[in-house]
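Position 1 is the first residue of the sequence; numbering continues from there. The structure presented is a predicted model; accordingly, all values stated were derived computationally and were not measured.
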Amino acid sequence: MIELTSENYFSKEANLEFMSNSQFKKFLECEAQGYAMIHEGYSDDDSDALLVGEALHAWNEGTLKEFMEKNSAGMISSRGETKGQLKSQFKCLDAAIVALKNDEILMSILAGVKEQIFVAKIAGVMWKIKVDTVNDDFRQIVDLKFMKSLYDKFWSNEHMAYVNFVEYYGYVGQMAMYQEVFRLATNKLYAPIIVGVTKQEPPDKIAINFDQGSLDTERQIIIDRMDRVMAVKKGLVKPERCERCKYCRETKKVSGYTHYKELLEY
């Protein structure tokens with residue numbers, strides 16, 4: 001088994017050997033996309049959004065200066081009147097950090113051991129997690145999220161209703177698996193918490209908790225879907241295409257005609 005470190009946590013080898021929340025969600029969104037990400041190195045990440053999120057996590061870890069030096073070419077303007085300043089798409093970072101630092105409650109929640117890796121076997125599958133903060137004083141595992149808004153609503157075909165960002169992006173399931181992997185790895189049952197801050201001006205911020213019943217329900221849903229996901233990941237069954245995601249659009253081959261009344265179902 002690979003010994004996971006910060007350097008190899010996101011490597012192809014680690015992703016082949018371990019399941020993670022982000023990987024699992026990609027398979028649920030589209031099996032073909034999930035398979036391509038694991039075996040073909042495909043990525044659909046928004047590089048700017050990924051970079052600014054990583055920068056916020058670097059601040060939480062206390063390594064923002066090193067992160068900015070390493071990624072200066074992508075984040076710092078090198079020409080014109082803004083030379084030496086953060087590029088416009090990253091200016092929300094400074095405001096978000098100030099908003100968090102000025103909130104005593106959020107800073108107390110974020111206090112603890114940073115960026116710890118834990119692994120555990122669940123339903124016969126090895127899972128990996130990387131926890132932003134383990135707060136032993138509060139008995140919490142904390143995930144820091146940087147988002148557009150706290151109160152956007154999204155249509156969910158699964159629920160046939162509008163849901164909030166926590167439900168839409170599968171964060172209840174993520175927190176459920178984080179709690180369980182952490183429990184199995186440490187024999188400690190900690191409460192999962194999301195600390196959220198927005199990219200708005202001024203930023204909004206929040207601390208989100210979860211009831212145990214919802215966590216248990218979402219974790220069981222993930223476990224129930226594990227066999228199919230693992231069969232696809234291992235190449236035992238052919239991955240199904242959703243024909244709507246970025247990967248499917250990029251690789252799509254039209255094989256015939258589609259009647260116009262089928263478009264909503266398609």
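- A donor-acceptor pair under 3.5 Å is formed between the side chain of Arg249 and the backbone N or O of Arg244.
- Between Glu40 and Tyr247, the closest side-chain pair of non-hydrogen atoms falls below 4.5 Å.
- Within the 4.5 Å cutoff, the side chain of Gln116 has no heavy atoms near those of the Lys130 side chain.
- If you chain together hydrophobic residues whose side chains sit under 4.5 Å apart, Tyr178 and Val229 fall into the same group.
- Using a distance-only test at 3.5 Å, with no hydrogens or angles considered, a donor-acceptor pair links the side chain of Thr5 to the main chain of Glu7.
- At a threshold of 4.0 Å, the pair Glu31-Arg228 counts as salt-bridged, since one of the basic side-chain nitrogens sits closer than that to a carboxylate oxygen.
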Next item on the list: Show the numbers, then the answer: is there a side-chain hydrogen bond (donor to acceptor under 3.5 Å, both in side chains) between Ser156 and Glu158?
Entry: CA-CA 5 Å; Ser156 167; Glu158 182 176 353; 5.2 Å; no
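- Put simply, CG on Asn135 and OG on Ser108 are 7.5 Å apart, with the number rounded to the nearest 0.5 Å.
- Looking only at side-chain heavy atoms (C-beta outward), Phe24 and Met226 come within less than 4.5 Å of each other.
- With a 6.0 Å radius and a threshold of 12 heavy atoms from other residues, nucleotides or ligands, Asn187 has its CG atom at or below the threshold.
- Hydrophobic clustering keeps Ile117 apart from Val125 (ILVMFWY residues linked when any side-chain heavy atoms are closer than 4.5 Å, directly or through intermediates).
- The backbone N or O of Cys248 sits less than 3.5 Å from a side-chain atom of Arg241, completing a donor-acceptor pair.
- Of the N and O atoms on the side chains of Gln179 and Gln212, at least one donor lies less than 3.5 Å from an acceptor on the other residue.
- Between atom CD1 of residue Ile2 and atom CG of residue Leu4 there is a gap of 6.5 Å, rounded to the nearest 0.5 Å.
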Item checked: Tyr190 vs Gln140, side chain to side chain contact (heavy atoms under 4.5 Å, CB included): CA-CA, chis, key distance, verdict -> CA-CA 5 Å; Tyr190 278 18; Gln140 294 174 341; 5.5 Å; no
Next item on the list: Show your working on salt bridge (charged side-chain N to carboxylate O under 4.0 Å, His left out) between Asp132 and Lys114 and close with a plain yes or no.
Entry: CA-CA 5 Å; Asp132 295 335; Lys114 312 293 186 178; over 6 Å; no
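- Counted by atom type alone, Gln23 and Lys233 present one or more donor-acceptor pairs between their side chains at under 3.5 Å.
- Residues Leu144 and Leu56 are in side-chain contact: their nearest non-hydrogen atoms beyond the backbone lie under 4.5 Å apart.
- With Tyr9 as the aromatic partner, Lys128 meets the cation-pi criteria of under 6.0 angstrom to the ring centre and within 45 degrees of the ring axis.
- The main-chain N or O of Ile38 is never found under 3.5 Å from a side-chain atom of Lys12 such that the two would form a donor-acceptor pair.
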Next item on the list: Take Lys153 and Asn164, measure what side chain to side chain contact (heavy atoms under 4.5 Å, CB included) needs, and give me the verdict at the end.
Entry: CA-CA 5 Å; Lys153 61 181 181 180; Asn164 59 43; over 6 Å; no
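- Taking a cutoff of 4.0 Å between a charged side-chain nitrogen and a carboxylate oxygen, Lys145 and Asp143 qualify as a salt bridge.
- In this structure the side chain of Ile194 reaches within 4.5 angstrom of the side chain of Met175, judged on heavy atoms.
- Below 30°, between 30° and 60°, or above 60°: for Tyr168 and Phe154 the angle between ring planes is below 30°, a parallel geometry.
- Atom CD of Glu180 sits about 8.5 Å away from atom CG of Leu189, to the nearest 0.5 Å.
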Next item on the list: For side chain to side chain contact (heavy atoms under 4.5 Å, CB included), just list the numbers for Lys205 and Leu106, CA-CA rounded to whole Å, side-chain angles, deciding distance to a tenth of an Å, and then say yes or no.
Entry: CA-CA 9 Å; Lys205 51 194 175 179; Leu106 293 185; 3.8 Å; yes
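- Connection of Val172 to Tyr169 is established within a shared hydrophobic cluster, with ILVMFWY side chains joined at heavy-atom distances below 4.5 Å, either directly or through further cluster members.
- The OG1 atom of Thr258 sits 9.5 Å away from the CD atom of Glu243 when rounded to the nearest 0.5 Å.
- Counting heavy atoms from C-beta on, the side chains of Tyr151 and Phe165 never come closer than 4.5 Å.
- Residue Ile105 places its CD1 atom among 12 or fewer non-hydrogen atoms of other residues, nucleotides or ligands, all under 6.0 Å distant.
- In the hydrophobic clustering of this structure, Trp59 does not group with Val131; members are Ile, Leu, Val, Met, Phe, Trp, Tyr whose side-chain heavy atoms approach within less than 4.5 Å, directly or through other members.
- A donor-acceptor contact under 3.5 angstrom links the side chains of Asp224 and Gln220, judged on distance only.
- Dense packing is recorded around CD of Glu69, with more than 12 heavy atoms of other residues, nucleotides or ligands lying under 6.0 Å away.
- At least one side-chain heavy atom of Met1 sits under 4.5 Å from a side-chain heavy atom of Phe18.
- For the atom pair NZ of Lys101 and CE of Met107, the computed distance is 7.5 Å after rounding to the nearest 0.5 Å.
- With rounding to the nearest 0.5 angstrom, the CE atom of Met37 is 5.5 Å from the OG atom of Ser43.
- Residues Glu61 and Glu115 are in side-chain contact: their nearest non-hydrogen atoms beyond the backbone lie under 4.5 Å apart.
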